[in-house]
Amino acid sequence: MGANHAEAPILETLARYQDVDELGFTPPGHKHARGADPRARAVLGDAVFFGDVLANGGLDDRLTRGGVLARAENLMADAVHADHTFFSTCGSSLSVKAAMLAVTRPGHRLLVGRDAHKSVVAGLILSGVEPVWVEPQWDAARHLAHPPSTAAYDKAFTEHPDADGALVTSPTPYGAAADLKGIAEVCHRRGKPLVVDEAWGAHLPFHDDLPAWAMDAGADICVTSIHKMGSGLEQGSVFHLQGDLVDPAELASRADLLGTTSPNVLIYAGIDAWRRQMVEHGHELIGQALELASHTRTAIEAIDGFHVNDAKDFCGPGLAADFDPLPVVMDISDLGTSGYRAADWLRAHHHIDAHLFDHRRISAQLTHADDEGTTARLLTALRELAGHAAELRDAPQVTVPSPAELRMDQVLLPRDAYFAPHAKVPATDAVGRIAAEMITPYPPGIPVVLPGERLTEPVLKYLVTGVEAGMFLPDAADQRLDTVRVVAES
Ligand SMILES: Cc1ncc(COP(=O)(O)O)c(C=O)c1O
């Protein structure tokens, strides 16, 4: 019998739990809001507390005999054509680490696109896995990295045939997608698994006009944030598995190692609800979002000083293989200001929050939740921004390195450098030293510096001038970057 996607096991069980007035002498200690501070109840609403119940021994019984989570996971697997799906309440930051640890092990090698998110690097640090970096496709004129090519993965495997598998990020936060089918073939020719970090691709399975998603392209494991492009609550993430290169029990065990023993049922419910919403209405909702994105892109392009990056800019030989138009990436170089200043201005004057921003860009992420009302507000704010551009000029300049200058030698394993005795040195004295920390402009969260890389002047200059211009480095020990944490010299 086919899956019944009208069901939403977690939501339905939660409703039943409330109907029968289940009484828990268990965590969470607020006990259906009764113990919560009234001021918290006033802001959060009691629905948050009513939905916040113990997963096992509360929502389901102590032996999970209702199979509540398993049924929801099976329905999700069916919706995205996977053999197995696992829900996580710890974001794709957990899912991607679980995926990595299921395909490789300490002391082994994994091919990783160098445009990976910081959570992938955290996985390398925790595991002691040696990365074989695969070069992204650089658009040197736009100072932007697109996913590595199929040929780059092929070459990396040829040079490192002992690598246990490969990891690619697709789509990027900018909407650029890799040739996943080609990369999966490169891996499978060698009997190696492919992990796709599809954190930005929750919507991809539900409309044909979007890039192929990992399971359909033949990947073995795919990690997706349901909270990024989907309707899930923050931290809601899933990972899917297909084929026989990875043991599902091993993947589940890796997630168990990293995860919480107190999963948030609200987050599970958000994932369950998203799957039902998309199976039933996804094509229509995503179709409307694509239409809206198309109009909005045209309208922004018509604003003086704005250029909206589209498939013509991002795709083609030496660039990305495909493109998702919902992240609307705007190049504002011609306004004569930086993305940092523009983003601050939009928030201060219009209460509009841009998604990504850097020395020359801002982006607005559109989803199925947007409509003419939200985009009208965005367009008004952007037009006014263009009108006020003169006040935002003379922004501090960021010294952006060329793609070749951005790459530094990995001279120690990320784990060895991260846990080595370290010293704090002024950024100006750090050239030639080995980084003992990760330094990541956020958003989008792709580390510029990795533990174990030998620091160079162009990279340090980029970060120091970046911070002066408004770049945010949340993971650096010294966020102002007056000092850098380096491996101590013996
Ligand atoms: C490519 C990529 N992978 C993984 C993550 C981590 O996802 P989460 O925020 O769900 O933990 C992010 C977050 O921005 C990301 O951009």
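All values below come from the heavy atoms of this structure, side chains included, with hydrogens, waters and symmetry mates left out. In each ligand, atom 1 is the first atom listed, and ligand 1 is the first ligand listed.
Here the heavy atom of the protein found nearest to atom 11 (O) of ligand 1 is Ser93 OG, 2.6 Å. The single protein non-hydrogen atom nearest to atom 7 (O) of ligand 1 is Ser92 CB, 3.4 Å, given as residue, atom name and distance. Looking from atom 1 (C) of ligand 1 to the surrounding protein, the closest heavy atom is Asp197 OD2, 3.4 Å. Nearest to atom 16 (O) of ligand 1 among the protein's heavy atoms is Trp200 NE1, 2.8 Å.
The proximity of Ala199 to ligand 1, defined as any non-hydrogen pair under 4.0 Å, is limited to the side chain. At a heavy-atom cutoff of 4.0 Å, ligand 1 is contacted by no atom of Ser237, backbone or side chain.
Comparing Lys118, Lys97, His117 by heavy-atom distance to atom 12 (C) of ligand 1, the nearest is His117.
Here is the list of ligand 1 atoms found below 4.0 Å of a heavy atom in Ser119: 4 (C). Each of the following atoms of ligand 1 lies closer than 4.0 Å to a heavy atom of Tyr442: 13 (C), 14 (O). Those atoms of ligand 1 that come under 4.0 Å of a heavy atom in His227, given as number and element, are 8 (P), 9 (O), 10 (O). Of all atoms in ligand 1, numbered sequentially from 1 with element shown, those under 4.0 Å from a heavy atom of Thr169 are 1 (C). Which parts of ligand 1 touch Gly91 is read off a 4.0 Å heavy-atom cut-off, strictly below it: atoms 10 (O), 11 (O).
Atom OH of Tyr418 has 12 or fewer heavy atoms from other residues, nucleotides or ligands within 6.0 Å. No more than 12 heavy atoms of other residues, nucleotides or ligands lie within 6.0 Å of CZ in Arg105, so this atom counts as exposed by the packing criterion. Atom CG of Asp244 has 12 or fewer heavy atoms from other residues, nucleotides or ligands within 6.0 Å. The number of heavy atoms from other shown groups lying within 6.0 Å of CD (Glu291) does not exceed 12.
Taking the six-membered ring for Trp and the full ring otherwise, the centers of Phe472 and Tyr442 sit at least 6.0 Å from each other.
The closest side-chain heavy-atom distance from Glu453 to Asp409 is not below 4.5 Å.
Put simply, no part of Val96 is less than 4.0 Å from ligand 1, judged by heavy atoms. Put simply, part of Lys228 is less than 4.0 Å from ligand 1, judged by heavy atoms.
Salt-bridge annotation for Arg142 and Asp331: absent, with no side-chain N of the basic residue lying under 4.0 Å from a carboxylate O of the acidic one. Ionic pairing of Asp164 and Lys192 is not present here: no N-O contact between side-chain nitrogen and carboxylate oxygen is shorter than 4.0 angstrom. By the 4.0 Å N-to-carboxylate-O rule, Asp154 lies close enough to Arg189 to be salt-bridged with it.
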